[in-house]
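Proteins get letters first, then strands, A, B, ... in listed order; numbering begins at 1 in each. The model shown is predicted, which means the values in this text are computed figures rather than measured ones.
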Amino acid sequence: MRYSQSLIPTLKENPAEAEVASHRLLLRAGYIRKLTAGIYTYLPLGLAAVRKVEHIVREEMNRAGAQELLMPMVQPADLWHETGRYEKYGPELLRFVDRHDRESCLGPTHEEVITDLVRREIRSYRDLPKNLYQIQTKFRDEIRPRFGLMRGREFIMKDAYSFDVDDVQAGESYQRMYDAYKKIFTRCGLDFRPVEADSGTIGGSFSHEFMVLADTGEDTLVICSSCDYAANSEKAEVKAPQADESPLLELTKVETPGKRKVPVVCEFMEIEPHELVKTMVYKADEEYIAVLVRGDREVQEVKLKNHLGVVDVEMATDKEVYDATGVPTGYLGPIDITIKLLVDQEVAAMRNFVCGANEKNFHVKNVNMGRDFEPAAVADLRQITASDPCPVCGAALGMKEGIEVGHVFKLGTGYSTAMNAVFKDSNGQDKPMVMGCYGIGVSRIVAAAIEQNHDENGMAFPMPLAPMQVILLNLGLKDEKITKTAESLYLELQEKGVDVLLDDRDERPGSKFKDADLLGIPLRVTVGKRLTKDGVVELRQRKDGATEELAPEMVAARIVELINAAMID
RNA sequence: CGGGAUGUGGCUCAGUCUGGUAGAGCACGUCGUUCGGGACGACGGGGUCGGAGGUUCAAAUCCUCUCAUCCCGACCA
């Protein structure tokens, strides 16, 4: 590719709209341009980087026995009604009607379409298993798109779906995808972790996320310092504590005028937040639920949602709390509460704690579960903290930020049952197919790779994802020898299958160096004065600045050597 | 959706508080010098000040509405 003929509109200054590194640099380096919120055009280099990711994903998916196909982006609402997701999916699903008044939507994911296809085409256990995937543009009308390619509304995703005869076979499919994903992210040159995850709206019973470690990540991971336990913090189980065996003390009501917040109540009553229990009210679909957690803990809404098996939970407003319980916020407690009560397992192990009295301006102390109130259920409902022990081995946990680039789910038979995707088993019986689904955020990987690989001068792509492997600078356009050498090197590298960008622009050397750094191309070859003076060209690595001077005829072989060493198989 | 902020040549911003008829740097065009880490000089082109309405002799500036974008929280590849 010739720079002079390409469209690589680099920016000298940081665009005002971008905060995080990948977003800022993708714009500055002329990889992407925004069309509207969360929707981007991929310019030649941006697209080239996406293609590199796609290439690796394709190879490993094919190697794992999956077949590529391509499904439509526009989908009929009818299909979504079959699984009930037309109602459940919420406003993220962009819906519209066509000229015939047919309800349609833009595909945010393709379980319905693939299941429809498979139920029509697959009859027998002899046709299974199948694993089908596509790489395609998805549309999700995100509430808040942000950070450029990290969370767009329109994005490129690889989604795969497996169909098996039973749980055992489905487990094998899942494991094959899990292994393929590890391979894919390793080959991309990313520092990542597979973690246990919540299965979210897609549904299903078991799942792992693949997280690229980066400070700008939107997820928090807990990682055990000793064993190999790692989980998304919203999913991470909290180990149940030892039950307190202290003798039960007498229940006592205390007047606490105007004391509503945990720290205020604690100060007033001269106790620590861990001796207090707070009562949080949530709106779970249409029902109000009270949840008890220790004063210094947070309710983990995902856990609550899963425990209740509801679509949505959100914290009730002060007014809703009052309307539902007749008690103003700040004085709520479990005793004689009028709505459904759930108790975090940690609270269940406490004795003689303080909580609201369900009466304005009063709290009670020495409250004990079993004696003073009975909950509907006890469960693990709180957010894990860094000071919690590993739920598996008990060792200390560490917390890290991560970007989710892949997600694998065991779906079970939910979709196949809802959509009647059945096959005949060896006894001639109809059975629902056992499904799995597996996503990779292709465009997000590009952003994640930049988050992990950049410095103050620009990006520094890992070789496998770099849109171009070499940038070749001609610093003497008017010098015959320099230009001839640069041009013949350009041809030679192309013949050897190297992706090379020839900077043949009529620009000053300084601009070319600055742009080369910004673009993040791993290898840079400079043909300039050193050639006329000493007969050498310079080869420099973007990441560490390692520089070598070589005779022009040695360069191509050296580059091939460096590329081969940097590619991961 | 709640909270915060911003919209002024292609880009980054000043000007807004205190109304007086739009400015800098970069980019762009021409010419000259320069040419291995974002050169310099001269000349030049380019802006309905996000949009609509209002107040005023006069609005980028004040008021109302509206649109868009970005950042912080609940969703997800």
Side-chain angles (χ1 to χ4, degrees), chain A residues 9-20 23-24 27-28 30 33-39 53 57 89-93 108-109 135-160 181 197-202 209-212 218-219 232 234 282-283 301-302 305 311-315 317 403-409 437-448 457-458 473-479 482 506-518 524 526-533 537-538 540 547:
Chain A
T10 57
L11 304 172
K12 268 192 188 176
E13 287 170 284
N14 285 327
E17 67 188 48
E19 296 274 308
V20 303
H23 188 198
R24 184 166 27 91
L27 288 167
R28 269 198 66 193
R33 283 294 181 264
K34 183 178 70 181
L35 179 63
T36 182
I39 300 181
V53 177
V57 169
Y89 210 91
E92 245 180 65
L93 181 66
T109 175
I135 296 177
Q136 191 222 28
T137 297
K138 295 276 185 277
F139 193 92
R140 294 183 189 172
D141 201 357
E142 295 277 348
I143 306 168
R144 180 152 93 90
R146 58 186 140 174
F147 304 156
L149 296 190
M150 292 252 273
R151 175 172 302 284
R153 291 195 293 161
E154 196 177 290
F155 59 98
I156 300 170
M157 177 170 163
K158 188 281 309 181
D159 48 323
Y181 273 39
D198 177 59
S199 42
T201 32
I202 305 234
E209 288 168 338
F210 289 79
M211 294 285 190
V212 167
E218 298 183 81
D219 290 275
N232 191 315
E234 66 185 23
Y282 285 85
K283 197 174 166 182
E301 293 182 16
V302 171
K305 192 162 106 179
V311 176
D312 191 43
V313 298
E314 57 182 308
M315 202 138 86
T317 62
I403 302 165
E404 182 189 354
V405 291
H407 203 158
V408 293
F409 298 85
C437 79
Y438 317 94
I440 289 181
V442 171
S443 42
R444 183 181 280 178
I445 286 178
V446 174
N457 294 318
L473 306 187
N474 177 349
L475 296 191
L477 279 179
K478 297 186 186 82
D479 183 303
I482 291 172
D506 184 15
E507 289 288 341
R508 297 167 55 82
S511 303
K512 294 194 177 191
F513 287 131
K514 289 287 184 192
D515 277 337
D517 285 347
L518 183 59
R524 184 185 84 191
T526 308
V527 187
K529 261 187 181 162
R530 304 261 161 80
L531 180 71
T532 38
K533 238 173 38 191
V537 300
E538 181 195 275
R540 181 186 162 95
T547 303

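Distance, A:Phe139 CZ to B:A77 C1': 15 Å, rounded to whole Å. Rounding to whole angstrom units, CZ of residue A:Arg444 and C1' of B:C75 are separated by 11 Å. Between the C1' atom of B:A77 and the CE atom of A:Met211 lies a distance of 10 Å, rounded to the nearest Å. Here the P atom of nucleotide B:G10 and the CZ atom of A:Arg33 are 14 Å apart, to the nearest Å. As rounded to whole Å, 10 Å separates atom P of B:A27 from atom CD of A:Glu13. Rounded to an integer number of Å, the gap from A:Arg151 CZ to B:G73 C1' is 13 Å. Atom OH in A:Tyr89 sits roughly 13 Å away from atom P in B:C75 (whole-Å rounding). One can place CD of A:Glu218 at 9 Å from P of B:G73, the figure rounded to the nearest angstrom.
As the counterpart of B:U21, no nucleotide is assigned, since no Watson-Crick or G-U wobble pattern has both distances under 3.5 Å. Across all strands shown, the partner of B:C70 is B:G4, judged by Watson-Crick or G-U wobble contacts whose two distances both fall under 3.5 Å. Applying the Watson-Crick and G-U wobble criteria (two distances, each under 3.5 Å), B:A52 pairs with B:U64. Base pairing of B:C76 is not made with any nucleotide, judged by Watson-Crick or G-U wobble geometry with both donor-acceptor distances under 3.5 Å. Remark: B:G36 base-pairs with no nucleotide in the shown strands. Criterion, Watson-Crick or G-U wobble with two distances under 3.5 Å. For B:C26, the paired nucleotide is B:G10, the pair qualifying as Watson-Crick or G-U wobble because both relevant distances are below 3.5 Å. Of the nucleotides present, none pairs with B:G46 by Watson-Crick or G-U wobble criteria with both distances under 3.5 Å.
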Point to revise | Under 4.0 Å protein heavy-atom contact, by nucleotide of nucleotides 31-38 of chain B - B base, S sugar-phosphate only | key: ---BSBBB
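Listed here is the closest heavy atom pair of A:Ser443 and A:Phe155: OG-CB, 3.5 Å. Contact between A:Asn474 and A:Lys512 at its shortest, heavy atoms only, is O-NZ, 2.8 Å. Of all the heavy atoms in A:Val57 and A:Ile135, the pair that sits closest is CG1-CD1, 4.3 Å.
With hydrogens and angles ignored, no donor-acceptor pair closer than 3.5 Å exists between the side chain of A:Arg140 and the base of B:C76.
Nearest-nucleotide mapping onto RNA chain B: of A:Glu301 and A:Ser443, the residue sitting toward the 5' end is A:Glu301.
Between atom CD1 of residue A:Ile440 and atom CZ of residue A:Phe210 there is a gap of 8.0 Å, rounded to the nearest 0.5 Å. Annotation: the span from A:Lys158 atom NZ to A:Tyr438 atom OH amounts to 9.0 Å, rounded to 0.5 Å. To the nearest 0.5 Å, the span separating NZ on A:Lys138 from CD on A:Glu154 amounts to 11.5 Å. Distance check, rounded to the nearest 0.5 Å: CD1 of A:Ile445 to CD1 of A:Ile156 gives 11.0 Å. If you take OH on A:Tyr282 and NZ on A:Lys305, they are separated by 13.0 Å, rounding to the nearest 0.5 Å. We find the OG1-CZ distance between A:Thr36 and A:Arg153 to be 6.0 Å, quoted to the nearest 0.5 Å.
For B:U69 and B:G51, the C1' atoms lie 15 Å apart once the distance is rounded to whole Å. Atom P of B:A59 sits at a distance of 24 Å from the matching atom of B:A14, rounded to the whole Å. Comparing B:C71 with B:U34, their P atoms are spaced 47 Å from each other, to the whole Å. B:G53 and B:C17 have their P atoms separated by 22 Å, with the value rounded to a whole Å. When the C1' atom is compared between B:C11 and B:G38, the two are found 14 Å apart, to the nearest whole Å. Between the C1' atoms of B:A5 and B:C43, the separation comes to 41 Å (whole Å). With P as the reference atom, B:G41 and B:A27 are 12 Å apart, rounded to whole Å. A gap of 15 Å separates the C1' atoms of B:G7 and B:G15, to the nearest Å.
Checking side-chain atoms of A:Arg33 against main-chain N and O of A:Leu27 turns up a donor-acceptor pair under 3.5 Å. Under the 3.5 Å distance criterion, the side-chain polar atoms of A:Arg146 are left unmatched by any main-chain donor or acceptor of A:Arg151.
The residue A:Glu142 sits close to a base: some heavy atom pair falls under 4.0 Å. A:Pro15 comes within contact range of the sugar-phosphate backbone alone, with a heavy-atom separation under 4.0 Å but no base atom that close.
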Distances for protein N or O near nucleotides 68-72 of chain B N or O, under 3.5 Å:
from	atom 1	to	atom 2	distance (Å)
B:U69	OP1	A:Thr36	OG1	2.8
B:U69	OP1	A:Ala37	N	3.0
B:U69	O3'	A:Lys34	NZ	2.9
B:C70	O3'	A:Glu17	O	3.3
B:C72	OP2	A:Arg144	NH1	3.1
B:C72	OP2	A:Arg144	NH2	2.8
B:C72	N4	A:Arg144	NE	3.3

